[in-house]
Amino acid sequence: MTTTAQPAAPITFADRPHVFIGGKWVESTGDDWFDVVDSWSEGVVARVRGATADDVAAAVGAARKSFDEGTWAATPITERADVIDEMANRLAARLDELTKVGVAEVGVTVPVSAMTQEMTAGLFHAVAKEARDVTLVDERTRADGGVSRVLKEPNGVVAVIIPWNGPIGTIAFKVAPALAAGCSVVLKTSPEAPLSPSIFADVVGELVDEGRMPEGVVSVLAADREVSEALVVDPRVDHVTFTGSTAVGRRIMSLVGERVAKVSLELGGKSAAIVLDDADLNSVMQSLPMGGCMQSGQACIALTRVLVSEKRHDEVVAAYKAALEMLPFGDPWQETNFLGPLVSARQRDRVESYIEIAKSEGATIAHGGGRGGFEHGYFVEPTIVDNVTNDMRIAQEEVFGPVISVITYKDEDDAVAIANDSQYGLAGAVYSADADHAYEIAKRIRTGTVNVNGGVVDFTVPFGGYKQSGVGREGGPEGLEEFFETKTVHLS
C-alpha cells in the first residue's frame, strides 16, 4: 500500500504545561518543551514541559523529606499493597486514553497498545500480591542460643529512569515495587514518550488528594540526558534503577559508582532463537515472527538472531518470510494492523543504516528492507537478513527495529556457542519437538530468560539479564527484593 498525502494527526492530546513534584502539578523553573510526535502522521500531538536541574533537585528534596519523615515507609505494607492495587484499577479505567497515547508515542498499533496497557494493570496487581506475601522480619536462632532478627527495610529515595518503548509497563516493573517496599520515588521519563507517565502522575495526584499517599513520595519529570544526570549524581538518591540502552547504562553505572549507591540496570539484548532440527515449523511460526518483530522490533527481548542448521536453513527462511507476509503492517491507528512504524525518524534512519551495513559486510536481504511504500510515517518493513555470520555488526549490535538475522549452525554445540557469543544475555528461545531436550539446551544459554516452544508473559517470575544486559531482576519476589535493604539485629 502506498500513501502519498501526509494526513493530519488522527488525535491530539492536552498539553502538559507543568511538572509533577511530590504529588502536585507545579510550575517548572524553565521554559523548555518537548514535542510528542505521532509516528504515523509525523505531526505534533502534544507538548510537555521539560524539567530543569532545579526541578529535579526539588523533586529529590521532596522525596528525601517524605522518606525521612517516614510516613509512607511506616504505613503497613498491606496498606501500601492496597494503594498499588488501586493504581492498577485507575490505570485500567483509563485504558482507552492510554491505548491512544501508546499508538501516538511509540508507533505500536491499536491492538498491541491495548494489550500492553491491559497487561500493565496485571503487573501492578502482581506486585501488590508479592508485597502481601513478603516476610519483613525473619527471626532466627543462633548457634549460641541467642536470637537474631533479619529485617527488610526500604532502600530510601529511588531514581527511576525509563525508556520510550514501554513507559507504563516499565513504571509497573520499577515504581510499583519501589512504592510497595516503602521507598520514595523520582520518576524520570523519556522526552519521546512523556504522556503516559503523565497519566500515571494524574493517578498519583488523585491518591495524594484523597489522603491515601503522603505528599512528596512520587514525582514525575520529563527531562533530557543532561538534566537526568543531575538526578543520577544527587547524593540524596539512594538507588538508581534504569531501563534503556547498554551505552547509557554504562554511563549511569559509572556515575553512581562514584558515590557507591545502589544501581539496577535492565539494558539491551541481542537474543537468539535456536530452531533445532526436530522442530515443527508450523508451531515455530506461531510465535517466532512476533518474538522478533514485537513493537516493530523496538523491544529489548526481541528474538533478532534466528539460528538454524545448515540443512534446514532454506525451509526456515521460507517459512519465516511467509509468516511475515501474513502480519498486517501499516497505519497503527487501523485496528486490523499488527505492526506499525518506528518511534521517530531518527530511529528509522538508525535501523536503515544497519541494513546497509549488513549488506556491505556480505549479508543479503531475504525479505523486506524498505519502507513498505509509505511516504509518511517512520516505517521500516519487517526484514530478514540472510547469510549472516555472528561476527557481523548486524548480529552483535542491538538494532531496535524489525530486522531479523538468520545464522546457520553446524550442530547443537555450535548453536549454543553462537547464542552465547554476544555481549548481551537478556533473553532467548529454543524450539524442538522434544521439550525436555530443549530445556537442556536452554540451561546452556547464558541469558536471564529462555522460552521453550513459544512466548510466555508471566509477572510472577523474575526478568533480567546476564553480562551487559543488566544488573538485578524485575518481577516476582526478586523484583520486590531489589528495593529492600537487609538489616540484621542481634539480640543478646
Side-chain angles (χ1 to χ4, degrees), residues 9-14 16 20 36-40 45-46 48 83-129 160 162-177 179 187 189-190 192-207 218 220 222 243 266 290 293-302 328 331-343 455-460 463 474-475 479:
I11 190 169
T12 58
F13 305 92
R16 295 281 183 166
F20 190 79
V36 180
V37 177
D38 174 62
S39 298
W40 163 249
V45 296
V48 172
V83 173
I84 302 301
D85 274 331
E86 185 59 21
M87 287 178 173
N89 295 336
R90 297 190 187 199
L91 288 171
R94 292 164 168 81
L95 175 63
D96 182 62
E97 182 182 8
L98 284 167
T99 296
K100 293 172 182 176
V101 166
V103 177
E105 286 186 319
V106 184
V108 295
T109 60
V110 169
V112 173
S113 184
M115 177 179 64
T116 301
Q117 310 307 336
E118 288 175 331
M119 289 193 303
T120 295
L123 180 49
F124 273 87
H125 287 308
V127 170
K129 180 181 182 303
V160 176
I162 64 173
W164 50 260
N165 65 317
I168 285 290
T170 315
I171 288 171
F173 264 127
K174 296 180 182 292
V175 177
L179 293 176
L187 170 64
T189 77
S190 166
E192 289 88 354
L195 288 179
S196 45
S198 295
I199 295 171
F200 172 73
D202 289 339
V203 168
V204 173
E206 293 171 1
L207 293 168
V218 177
V220 180
T243 292
E266 198 276 283
M290 282 310 300
C293 295
M294 64 182 79
Q295 292 196 173
S296 295
Q298 299 172 125
C300 55
I301 59 173
D331 178 357
W333 295 98
Q334 292 292 328
E335 296 191 15
T336 54
N337 285 329
F338 211 72
L339 293 178
L342 301 178
V343 68
V456 174
V457 177
D458 187 343
F459 300 135
T460 66
F463 169 75
E474 297 177 340

**Item:** Residue pairs, two or more places apart or on separate chains, that pass salt bridge (Lys or Arg N to Asp or Glu O under 4.0 Å) and touch residues 99-125
**Value:** Asp96-Lys100
**Asked** About how many Å separate CE of Met294 and CZ of Phe338, when rounded to the nearest 0.5 Å?
**Response** 10.0 Å
**Item:** Asn89 and His125: CA distance, side-chain angles, deciding distance, side chain to side chain contact (heavy atoms under 4.5 Å, CB included) verdict
**Value:** CA-CA 9 Å; Asn89 295 336; His125 287 308; 3.3 Å; yes
**Request:** Give the minimum heavy-atom separation between Thr99 and Ser113, together with the two atoms involved.
**Result:** O-OG, 2.8 Å
**Heavy-atom side-chain proximity of Asn337 to Asp331 below 4.5 angstrom** = yes
**Asked** At their closest point, which heavy atom of Ile171 faces which heavy atom of Phe124, and how far apart are they?
**Response** CG2-CZ, 4.1 Å
**Asked** Would you say Phe20 and Asp202 make side-chain contact, with heavy atoms under 4.5 Å?
**Response** no
**Message:** Ignoring hydrogens, what is the shortest heavy-atom contact between Cys300 and Asn165? Give both atom names and the distance.
**Reply:** N-ND2, 4.5 Å
**Message:** Quick check for you: to the nearest 0.5 Å, what is the distance between Thr109 atom OG1 and Met115 atom CE?
**Reply:** 8.0 Å
**Donor-acceptor contact below 3.5 Å, side chain Gln298 vs main chain Gln295** = yes
**Request:** Evaluate the side-chain proximity of Leu187 to Lys174: yes if any heavy-atom separation is below 4.5 Å, no if none is.
**Result:** no
**Request:** Examine distances only and state if a side-chain atom of Thr189 and a backbone atom of Pro194 form a donor-acceptor pair shorter than 3.5 Å.
**Result:** no
**Prompt:** Any side-chain heavy atom of Val220 sitting closer than 4.5 Å to one from Val204?
**Reply:** no
**Prompt:** Would you call Pro341 and Pro332 a side-chain contact if the rule is heavy atoms closer than 4.5 Å?
**Reply:** yes
**Prompt:** Just wondering, do Glu266 and Thr170 contact through their side chains at under 4.5 Å, heavy atoms?
**Reply:** no
**Request:** Might you point out which heavy atoms bring Val108 and Gly102 nearest each other, and give the distance in Å?
**Result:** CG2-O, 3.5 Å
**Message:** Let me confirm one number: the OG1-CG distance from Thr120 to Leu123, rounded to the nearest 0.5 Å.
**Reply:** 7.0 Å
**Request:** Measure across Pro167 and Ile162 and return the closest heavy-atom pair with its distance rounded to 0.1 Å.
**Result:** O-CD1, 3.8 Å
**Request:** May I ask you to decide if Val343's main-chain N or O and Ser39's side chain share a donor-acceptor pair within less than 3.5 Å?
**Result:** yes
**Item:** Which atom of Leu339 lies closest to which atom of Ser296, heavy atoms considered
**Value:** CD2-N, 4.2 Å
**Message:** Could you go through Asp38 and Trp333, starting from their C-alpha distance and side-chain angles, then the distance that decides it, and tell me whether this counts as side chain to side chain contact (heavy atoms under 4.5 Å, CB included)?
**Reply:** CA-CA 10 Å; Asp38 174 62; Trp333 295 98; 3.2 Å; yes
**Request:** Would you mind reporting whether Val101 and Ile199 have side-chain heavy atoms less than 4.5 Å apart?
**Result:** yes
**Asked** So do Met87 and Leu179 actually touch side chain to side chain, heavy atoms under 4.5 Å?
**Response** yes
**Item:** Thr336 side chain to Gln334 side chain, donor-acceptor N/O pair below 3.5 angstrom
**Value:** no
